[in-house]
Trainee: 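The structure under discussion is supplied below as structure tokens; questions concerning it will follow.
Only a predicted model underlies this, so the values are computations on that prediction, with no experimental measurement involved. Reminder, nothing fancy here: chain letters follow the sequence lines and each chain counts from 1.
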Number of protein chains: 2
Amino acid sequence: MADARRKPKSEATRRRLLDAALGLFRARGFEETTMRDVARAVGMSLGAAYYYFPSKDAIVMEYYVASQEEHAARARALLDETRDLRQRLGAVVHGKLDTVRRERKLLGALFRSAGDPEHPLSVFAPSTRGVREQAIALFDEALAGARPPVPAELRRTLAPLLWLGLLAALLHFIHDRSRDQARTRKLVDGALDLVAPLLPLASLPQAKPLIARATALLEMASAR
Amino acid sequence: MADARRKPKSEATRRRLLDAALGLFRARGFEETTMRDVARAVGMSLGAAYYYFPSKDAIVMEYYVASQEEHAARARALLDETRDLRQRLGAVVHGKLDTVRRERKLLGALFRSAGDPEHPLSVFAPSTRGVREQAIALFDEALAGARPPVPAELRRTLAPLLWLGLLAALLHFIHDRSRDQARTRKLVDGALDLVAPLLPLASLPQAKPLIARATALLEMASAR
DNA sequence: GTCTATAACATGATAGAC
DNA sequence: GTCTATCATGTTATAGAC
């Protein structure tokens, strides 16, 4: 929807702007980078920059979408490597962290809007539904393609929960000042080691009522 | 630390500003209210308002602290009523929601900074440590005063986790458009009904290694 | 119609006079 | 303590070049 039918010239300029903006955000942070800086970086006036991106947040939004696509490709490649549930979940989560590794300062800008129901850039907003659903779908695929596979009904509850867990991991990632965010990596591995072995238990008949209640809760939480 | 030793006159003006700001935030939202609006509401110049509050966020910070104190008082009153674990957890969580009920539009402003490690207003920042610790202490008290009481070691892990759960509930509360946020209330009750009966299991010897691993994980996550 | 530039506006924040 | 500039920055308006 972003780059459908545009003149190549225009597309190239837009691209230069995006790259310059992401570079500046990466180097100096989102708040610290002004739209005037971005325009100057590509030798362009402020007004011209606004012709291509209607707002500073729109640049983040574009990154958000592109980054999700990159994550999907990366995760699916990794998912082809193994059928082990624990490994597959690790592939999706670590794949995400690998994707956003250099963009930690931008992630903050994304989370900034999470608490604002009106904000179009919020990870919970209707406008970002596509990205969100694709991310959840990745967890669903990880569960579905495992051997033995996680049943579809359980996946419908589990996949969104795992996505929420991923958000939490990203939040930790942003705040993590250990070298290469090694702490977050360990935390993720520890959490998955703890949770993955429990998942098969959820298919046991004894777990049925518990699962049913959890599913109902989650449905209420995500209802509009 | 906020209102220690100040001239009564100054203190009153400050108070008028705070009240006016909160009233405007409540009525029209945080972003939609300008500092000029706030100043005008108390018949004061913009510069004068900034003499009392160094930033718009500082007003939110003051609310954050005051609101936490109100919550503590309310929760402790409720905790005196029952020794039942499930009831006590409900008292703390619903007590929080009751405290912030009218201030939903302000909560968004608080969450806005959660993803920014540099921001002094973040719920995870060093500057808000006091508020955070008091909130966690409330959960600790809820667990400790239950009959039978939750052992101290388990509480050290559980209380911060419950606080994280409260943050999630508040996030849901902000986005919740059902009348009186009834959906969030139900969600909280459902989650507590699900979790509270499981807590006694954590004291079982079989659960020991699992708990130990979870505790280690949480310690890593909160380490600086 | 596609692109670019300049000016102006609103708002959070600051400086300096009284 | 209070006020009146003034600034920086996200954003908008508008005029014109190609």
Trainee: Measure the distance from CG on B:Leu46 to P on C:dA10 and round it to the nearest whole Å.
Mentor: 15 Å
Trainee: Atom CE of B:Met35 to atom P of C:dG12: distance rounded to whole Å?
Mentor: 7 Å
Trainee: Between C1' on C:dC3 and CZ on A:Arg16, what's the gap in Å once rounded to a whole number?
Mentor: 13 Å
Trainee: For B:Lys56 and C:dA10, what is the distance between atoms NZ and P respectively, to the nearest whole Å?
Mentor: 16 Å
Trainee: Using only side-chain N and O atoms of A:Ser10, determine if any of them is under 4.0 Å from OP1 or OP2 of C:dC3.
Mentor: yes
Trainee: Any idea which heavy atoms bring A:Ser113 and A:Ser122 closest together, and the distance?
Mentor: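 Smallest heavy-atom distance, with atoms named: O-CB, 3.2 Å.
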Trainee: Please state how far atom CE in A:Met44 lies from atom C1' in C:dC3, giving the value in whole angstrom units.
Mentor: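 Atom CE in A:Met44 sits about 8 Å away from atom C1' in C:dC3.
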Trainee: When rounded to the nearest 0.5 angstrom, what is the spacing between CZ in A:Arg88 and CG in A:Leu85?
Mentor: 8.5 Å
Trainee: Which comes earlier along DNA chain D counting from the 5' end, the contact point of B:Arg36 or that of A:Gly47, where each point is its nearest nucleotide?
Mentor: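 Nearer the 5' end of the strand: B:Arg36.
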Trainee: Please check if any side-chain donor atom of A:Asp176 sits under 3.5 Å from a side-chain acceptor atom of A:Ser178, or the reverse.
Mentor: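 A pair is found: one side chain offers a donor N or O, the other an acceptor, under 3.5 Å apart.
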Trainee: Step through the shown structure and confirm whether more than 12 heavy atoms of other residues, nucleotides or ligands are within 6.0 Å of CZ on A:Arg28.
Mentor: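 Yes - once you tally the heavy atoms of other residues, nucleotides and ligands closer than 6.0 Å, there are more than 12.
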Trainee: In whole Å, what is the span from the CZ atom of B:Arg40 to the C1' atom of D:dT2?
Mentor: 17 Å
Trainee: For A:Glu32 and D:dA8, what is the distance between atoms CD and P respectively, to the nearest whole Å?
Mentor: 17 Å
Trainee: Measure CD/B:Glu31 against P/D:dG10 and give the value in whole Å, please.
Mentor: 14 Å
Trainee: Between D:dG10, C:dG12, D:dG1, which nucleotide gets closest to the side-chain atoms of B:Tyr52?
Mentor: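 My answer, after comparing the listed nucleotides, is D:dG1.
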Trainee: With heavy atoms under 4.0 Å as the rule, sort B:Thr34 into base, sugar-phosphate or nothing.
Mentor: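 B:Thr34: backbone/sugar contact only, no base atoms under 4.0 Å.
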Trainee: For D:dT2, take OP1 and OP2 only and decide whether either is under 4.0 Å from a side-chain N or O of B:Tyr51.
Mentor: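 It does not, given that no N or O in the side chain of B:Tyr51 lies less than 4.0 Å from OP1 or OP2 of D:dT2.
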Trainee: Look at B:Tyr50 and D:dG1 and indicate whether a side-chain polar atom (N or O) is within less than 4.0 Å of OP1 or OP2.
Mentor: no
Trainee: Please identify which of these residues, A:Leu97, A:Val123, A:Val93, meets the side-chain contact (heavy atoms from CB on, under 4.5 Å) condition with A:Leu170.
Mentor: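 Passing option: A:Leu97.
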